[in-house]
Amino acid sequence: MRPHVDTPANGTSPGVGRRSLLKAAGATAIASAVAAAGTGTAHASEDAPWDVIVIGAGYAGGTVARELTARGLSTLVLEARDRIGGRVWTSTFAGERVELGGGWFGPGQQLVEREL
């Protein structure tokens, strides 16, 4: 198993890693799309089939896609796996239903609780 991209194995302070860069780029794209939807200028081109492309159908991608679609944007979701849900995944093991991904949330996560 290889170490997390943003955490160097040598103990030095982490630099800009792939995960943090993707998070920042995604947040910027989402903020721009939401701002454009609020001003009525969401459609960049009449010929474009989608206003927004969301990469990943995990918890965050699914939530963002739902919110942007609710704001009237034509949204395409691209997912590499054959299922949605990302790290949230329940399966069967030894005849029992087991949680294989994000298995819990705490009292400080009101947005997650509201989604559930």
Side-chain angles (χ1 to χ4, degrees):
M1 178 183 224
R2 62 179 214 213
H4 185 278
V5 177
D6 288 340
T7 308
N10 63 9
T12 61
S13 62
V16 176
R18 181 178 64 106
R19 181 177 297 267
S20 60
L21 183 62
L22 288 172
K23 284 181 183 179
T28 301
I30 291 165
S32 298
V34 169
T39 62
T41 59
H43 304 280
S45 169
E46 295 297 322
D47 298 331
W50 299 285
D51 299 312
V52 179
I53 298 175
V54 176
I55 309 297
Y59 178 79
T63 302
V64 167
R66 182 195 66 212
E67 293 299 316
L68 293 175
T69 301
R71 287 176 170 78
L73 295 170
S74 174
T75 306
L76 171 68
V77 179
L78 300 177
E79 171 57 51
R81 296 181 184 186
D82 61 351
R83 64 174 182 79
I84 63 171
R87 294 182 184 182
V88 179
W89 183 28
T90 304
S91 188
T92 304
F93 178 77
E96 298 291 327
R97 298 290 289 171
V98 294
E99 178 59 46
L100 300 175
W104 63 275
F105 66 95
Q109 298 168 306
Q110 292 86 12
L111 296 176
V112 175
E113 184 177 1
R114 199 164 47 215
E115 287 297 319
L116 293 174

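Distance alone, capped at 3.5 Å, places no donor-acceptor pair between the S91 side chain and the V98 backbone. E79 places no side-chain N or O within donor-acceptor distance of the main-chain N or O of I84, the cut-off being under 3.5 Å.
The other residues sharing a hydrophobic cluster with I53 are W50, I55, L76, L78, where clustering joins ILVMFWY side chains under 4.5 Å apart.
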### Message
Determine whether L73 and T69 satisfy the following criterion, side chain to side chain contact (heavy atoms under 4.5 Å, CB included), listing intermediate values before the conclusion.
### Response
CA-CA 5 Å; L73 295 170; T69 301; over 6 Å; no

### Query
Does the side chain to side chain contact (heavy atoms under 4.5 Å, CB included) test come out yes or no for V54 and T75, once each step is laid out?
CA-CA 7 Å; V54 176; T75 306; 3.8 Å; yes

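For residues 55-67, the salt bridge (Lys or Arg N to Asp or Glu O under 4.0 Å) pairs, not counting sequence neighbours, are R66-E115, E67-R71.
When all heavy atoms of S74 and P49 are compared, the pair lying nearest together is OG-O, 3.2 Å. Across all their heavy atoms, V77 and A65 have their closest contact at CG2-CB, 3.5 Å.
Listed by chain and number, the residues in a side chain to side chain donor-acceptor pair (under 3.5 Å) with T63 amount to none (sequence neighbours excluded).
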